[in-house]
Amino acid sequence: MSNHQPLPSAGLMRRLGALFYDSLIIIAIEMLAAGVVVAVLQALMALNLVNIAPYADIGDFLSNNPIWSPIFTFYLAAVWVYFFVFFWTRAGQTLGMRAWKLQVRNLDGGRITVTQALIRLATSGFGLANLAVPLDPQKRGFHDIWAKTQVVVLPKAQ
């Protein structure tokens with residue numbers, strides 16, 4: 001995966017464009033993930049295997065139940081984290097990064113590890129860490145510095 005010729009570092013606007021694309025994809029995936037839970041609970045209610053009383057509906061149950069609300073929130077957060085970790089460690093690109101021809105790499109040009117992906121995600125501030133890119137001479141975001149990664153612009157296909 002490492003090239004002989006160094007690739008240019010990604011600037012702020014490209015990163016924000018990819019982040020916007022990924023945000024739309026994440027919203028859709030989270031809606032599907034939540035929909036699966038709601039559909040399963042609805043089926044279990046229809047079979048009289050689950051009773052959500054005194055809650056008004058499944059949304060109220062998943063939002064306010066002291067046991068299931070944190071579990072549901074953790075599940076949705078895990079889906080969100082898995083999206084980034086999966087794509088960053090497999091190809092170095094999320095779908096938004098692919099559209100903007102960006103790739104996250106180790107400093108040596110190789111794939112990042114799961115640990116690096118988790119550090120990047122934990123220190124990204126939901127994308128706000130990219131605001132450090134114009135301030136850094138190497139065009140690194142705060143999360144890139146902490147995770148020892150770089151985001152590069154891939155060459156156009158020939």
Side-chain angles (χ1 to χ4, degrees), residues 1 10-107 109-133 140-154 157:
M1 181 177 277
L12 178 63
M13 296 314 288
R14 260 186 197 262
R15 288 172 180 246
L16 294 179
L19 181 62
F20 178 72
Y21 278 34
D22 285 334
S23 297
L24 296 175
I25 295 165
I26 292 270
I27 289 169
I29 291 171
E30 291 287 345
M31 289 170 55
L32 286 170
V36 167
V37 171
V38 169
V40 168
L41 282 174
Q42 192 69 41
L44 292 174
M45 283 177 47
L47 296 171
N48 289 323
L49 297 174
V50 171
N51 183 5
I52 63 166
Y55 299 98
D57 57 20
I58 293 172
D60 186 33
F61 174 74
L62 291 173
S63 297
N64 298 314
N65 184 285
I67 295 169
W68 289 105
S69 178
I71 292 171
F72 182 63
T73 302
F74 176 79
Y75 162 71
L76 292 178
V79 168
W80 178 73
V81 167
Y82 184 76
F83 172 84
F84 284 103
V85 172
F86 177 81
F87 282 106
W88 285 342
T89 58
R90 296 289 186 259
Q93 297 175 294
T94 58
L95 300 173
M97 291 173 78
R98 184 171 291 211
W100 284 85
K101 301 207 182 309
L102 299 179
Q103 187 177 52
V104 63
R105 297 177 169 189
N106 272 320
L107 297 178
R111 289 185 184 161
I112 69 170
T113 65
V114 172
T115 302
Q116 285 177 302
L118 291 172
I119 291 170
R120 267 188 118 246
L121 204 50
T123 58
S124 69
F126 298 101
L128 292 176
N130 286 310
L131 297 178
V133 170
R140 296 174 300 174
F142 180 73
H143 52 319
D144 293 318
I145 295 168
W146 274 85
K148 295 181 176 67
T149 60
Q150 60 184 348
V151 178
V152 296
V153 179
L154 296 174

Side chain of Ser124, backbone of Ala129: donor and acceptor closer than 3.5 Å?
no
Ser69 and Ser63 have their tightest heavy-atom pair at OG-O, 3.1 Å
On a heavy-atom basis, the closest approach of Ala147 and Arg120 is CB-CG, 3.5 Å
Does the side chain of Val104 reach to within under 4.5 Å of the side chain of His143, using non-hydrogen atoms?
no
So do the side chains of Thr94 and Phe84 get within less than 4.5 Å of each other, counting heavy atoms only?
yes
Taking side-chain contact (heavy atoms from CB on, under 4.5 Å) as the criterion, tell me which of Val114, Leu118, Thr115 meets it with Thr89.
Val114
Could I get the full list of side-chain contact (heavy atoms from CB on, under 4.5 Å) partners for Asn64, not counting sequence neighbours?
Tyr55, Asp60
Is any side-chain heavy atom of Asn106 less than 4.5 Å from a side-chain heavy atom of Lys148?
no
Measuring from atom CZ of Phe83 to atom CG of Leu121, what distance do you get when rounded to the nearest 0.5 angstrom?
11.0 Å
Can you see which heavy atom on Leu12 is nearest to which on Asn130, and at what distance?
CD1-O, 3.1 Å
Enumerate donor-acceptor pairs with a distance under 3.5 Å from any side-chain N or O in residues 23-47 to protein atoms, sequence neighbours excluded.
| from | atom 1 | to | atom 2 | distance (Å) |
| --- | --- | --- | --- | --- |
| Ser23 | OG | Leu19 | O | 2.8 |
| Glu30 | OE2 | Trp80 | N | 3.3 |

Between atom OG1 of Thr73 and atom CG of Leu62, what is the distance when rounded to the nearest 0.5 Å?
9.0 Å
Applying ring pair (Phe, Tyr, Trp, His ring centres under 6.0 Å), run through Phe72 and Trp68 and close with a yes or a no.
CA-CA 6 Å; Phe72 182 63; Trp68 289 105; 9.8 Å; no
What I'd like to find out is whether the side chain of Tyr21 reaches to under 4.5 Å of the side chain of Arg98, using heavy atoms alone.
no
Flag, side chain of Arg111 to backbone of Arg90, donor-acceptor distance under 3.5 Å:
yes
Quick check for you: to the nearest 0.5 Å, what is the distance between Met97 atom CE and Gln103 atom CD?
7.5 Å
Measure the spacing between CD1 of Ile119 and CG of Asp144 and express it to the nearest 0.5 Å.
12.0 Å
Under a 4.5 Å cut-off applied to non-hydrogen side-chain atoms, are Asp22 and Phe87 in contact?
no
Not counting sequence neighbours, which residues clear side-chain contact (heavy atoms from CB on, under 4.5 Å) with Arg14? List them please.
Trp100, Lys101, Leu102, Val153
